[in-house]
Amino acid sequence: MKNKIISSKLMLLLLLLVPLINCHGSYLDYTDALTKSILFFEGQRSGYLPQDQRMNWRGHSGLSDGWTVNVDLTGGYYDAGDNVKFNFPMAFTTTLLAWSVIEFGEIMPPAELRNALVAIRWSTDYLLKTVSQPDRIFVQVGDPVLDHNCWERPEDMDTARTVYTVDAPNPASDVAGETAAALAAASIAFRPSDPGYAETLLRTSTRVFDFADKNRGAYSDNLNIRDGCLNNNGQDELLWGAAWLRRATQGENYLSYIQENRQTLGADDNIDEFGWENKHAGLNVLVSKEVLDGTTYSLQSYKSSADSFMCTLIPESSSSHIQYSPGGLIYKPGGSNLQHATTITFLLLVYANYLEKSSQLLNCGTISVSPSMLRKIGKRQVDYILGENPKGISYMVGYSNYYPQKIHHRGSTIPSINDHPQVIGCNEGSIYFNSSQPNPNVLVGAIVGGPGEDDVYDDNRYEFRKSEPTTYINAPFVGALAYFAANPNVN
């Protein structure tokens, strides 16, 4: 009798665990995550929203952007939880979204491929406006100091929408080079479905790259915008822009450029970094395709750098020096750690594809690394972000039943204009920032900055480095999710 009671209790326990196991399996629904990762960009839109806007708690905003300089600069994206349009990270976001489509668009569900192209075009339409005048580039809209002193919805913005401009011969090679890269990459992405628009993007990209090359230096070095813009060194974006134009045109002039300027523009510097302010690792992976395809051996130095970077990610490699958290997350010092995890994951998957198509292995000293091993490392990062981590939390908002509720994001924190049509002024929004309640508007698909090296994450909008989402965290994750949605059983 006693054994029967124990057996019954054991059976009851197993039955109770079944729903948990099924729920746990939802963490690995890569197709759902892909859909939401693209939907996020609708929540970041600036400008006049279309009728098919799905993130319907958002409203029109920034409709007068550019009027102070007599140019239409409406549109584009707010790159994070504030209301400034920083063109530099926006252009990088666009490049990575386009690269995601270029590499993985063929395996995306058709509806999500269309949504990804819409997300890219929302940015490229704006970027075209920023370079519409000869020898001039508009690099930012919004005074970040005034904006960051307010906590208000983009629909209620009453801070200065200052337009920051760089005219030749002043330096702007970083932001202009990234803009050229974005337009060139997007031209490839749009070529099958809209060749006319693709041609416009490519033609503009070549002109913007010439502007970047002739006006070398960081745009933040300009006295008129130094206090309001983001800092960077301005050199790697020239190689990055040229590499994308080479990919888009197969032009010998761009091949010569990335060959001849490799050393002078520092292609061998910081080869294990990749993000909106450092393109080195991404540049090396991108350029390596021609070497692996067997068409351009003269670019071998770029492939060697790409190989070295990949080997740093392999724990068994003698050259491994990447740091992983106890739970297995790639960690690099600085804020918003998931921006590193998502960009590196994307590069792992792209390089794995390049190696596989050329039937090659990665040589890391005493070990040979297969494409499948690179994919396994990438999958571990994706699974961690989606909930397979020590806290069991999805770092993508709106995905699974347990995700950050108090993200550092103005529009998400303050009641929607649909629910509270009265204006909420600059200082009136602080009560929502200081609230202990979850954000009223769910920014579906947003990936927050995430935990640090110890896997610790407190759901707290005060800690913006951990709780703030950004477009450049999401953009590479779109490509990664597209791969695993089509190939979910990589082990």
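For the numbers below, each heavy atom of this structure counts, side chains included, while hydrogens, waters and symmetry mates do not. For reference, positions follow the sequence shown, starting with 1.
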Legend entry - Stepwise ring-ring contact (aromatic ring centres under 6.0 Å, His included) test for Phe104 and Trp99: CA-CA 8 Å; Phe104 304 112; Trp99 200 1; 9.3 Å; no
Inset, instruction - Assess the side chains of Asp307 and Tyr351: does a donor N or O sit below 3.5 Å from an acceptor N or O? - result: yes
Legend entry - Asn278 (side chain) donor-acceptor with Asp236 (main chain) under 3.5 angstrom: no
Legend entry - Parallel, tilted or perpendicular: ring planes of Phe88 versus Trp276, cut at 30 and 60 degrees: perpendicular
Inset, instruction - May I ask you to decide whether Glu356 forms a salt bridge with Arg375, counting only side-chain N to carboxylate O separations under 4.0 Å? - result: yes
Inset, instruction - Kindly say whether the aromatic ring centers of Phe484 and Phe477 come within a distance under 6.0 Å. - result: no
Legend entry - Flag for Thr35-Glu112: side-chain donor and acceptor within less than 3.5 Å: yes
Inset, instruction - Using atom types as modelled and distance alone, determine if a side-chain donor or acceptor of Tyr483 lies under 3.5 Å from a backbone N or O of Phe346. - result: no
Legend entry - Shortest non-hydrogen contact between Gly142 and Tyr164, atoms and distance: O-CE1, 3.4 Å
Legend entry - Any donor-acceptor N/O pair, Ser37 side chain to Asn474 backbone, under 3.5 Å: no
Inset, instruction - Could you tell me whether the side chain of Gln339 and the main chain of Gly275 form a donor-acceptor pair under 3.5 Å? - result: no
Legend entry - Phe309 side chain near Leu348 side chain, heavy-atom distance below 4.5 Å: no
Legend entry - Plane angle bin for Tyr384 and Tyr395 - parallel if under 30°, tilted between 30 and 60°, otherwise perpendicular: parallel
Legend entry - Presence of salt bridge, Asp65 and Lys85, under 4.0 angstrom: yes
Inset, instruction - Output yes when a side-chain donor or acceptor of Glu468 lies under 3.5 Å from a complementary backbone atom of Gly81, and no otherwise. - result: yes
Inset, instruction - Return the orientation label for the His408 and Phe464 ring planes: parallel under 30°, perpendicular over 60°, tilted otherwise. - result: tilted
Inset, instruction - Without swapping roles, check the side chain of Lys129 against the backbone of Thr74 for a donor-acceptor pair under 3.5 Å. - result: yes
Inset, instruction - Report the relative orientation of the aromatic rings in Tyr77 and Trp122; use parallel for angles under 30°, tilted for 30 to 60°, perpendicular for over 60°. - result: tilted
Legend entry - Lys332/Glu273 salt bridge by N-O under 4.0 Å criterion: yes
Inset, instruction - Taking only Lys NZ, Arg NE, NH1 and NH2, and the carboxylate oxygens of Asp or Glu, determine whether Glu388 and Arg380 approach each other closer than 4.0 Å. - result: no
Legend entry - Donor-acceptor pair, side chain of Asn87 and main chain of Phe138, under 3.5 angstrom: yes
Inset, instruction - May I ask you to check whether Phe41 and Tyr78 place their ring centres under 6.0 Å from each other? - result: no
Legend entry - Glu290 and Arg247 ion-paired at < 4.0 Å: no
Inset, instruction - Evaluate the ring-ring contact (aromatic ring centres under 6.0 Å, His included) criterion for residues Phe190 and Tyr197: first the C-alpha distance (whole Å), next the side-chain angles of each, then the deciding distance (0.1 Å), finally the verdict. - result: CA-CA 7 Å; Phe190 278 104; Tyr197 187 61; 5.1 Å; yes
Inset, instruction - I would like to know whether Glu42 and Asn115 meet side chain to side chain contact (heavy atoms under 4.5 Å, CB included); could you show each step before the answer? - result: CA-CA 10 Å; Glu42 293 191 15; Asn115 288 332; 5.5 Å; no
Legend entry - Note: Arg58-Glu155 ion pair, threshold 4.0 Å (strictly below): yes
Inset, instruction - Determine, for Asp194 against Arg121, whether the closest basic-nitrogen to carboxylate-oxygen distance falls under 4.0 angstrom. - result: yes
Legend entry - Leu127 backbone acceptor or donor facing Thr130 side chain under 3.5 Å: yes
Legend entry - Within 6.0 angstrom of Arg203 CZ, more than 12 heavy atoms from elsewhere: yes
Inset, instruction - Mind running side chain to side chain contact (heavy atoms under 4.5 Å, CB included) on Ile385 and Leu338 for me, showing each step along the way? - result: CA-CA 8 Å; Ile385 292 170; Leu338 288 188; 4.0 Å; yes
Legend entry - Side chain Ser187, main chain Leu202, donor-acceptor under 3.5 Å: no
Inset, instruction - Without swapping roles, check the side chain of Ser123 against the backbone of Ile120 for a donor-acceptor pair under 3.5 Å. - result: no
Legend entry - Greater than 12 external heavy atoms within 6.0 Å of Glu106's CD: no
Legend entry - Derivation and outcome, side chain to side chain contact (heavy atoms under 4.5 Å, CB included), residues Thr162 and Thr68: CA-CA 8 Å; Thr162 306; Thr68 57; over 6 Å; no
Legend entry - Trace of the side chain to side chain contact (heavy atoms under 4.5 Å, CB included) decision for Thr249 with Tyr254: CA-CA 9 Å; Thr249 66; Tyr254 296 113; 3.6 Å; yes
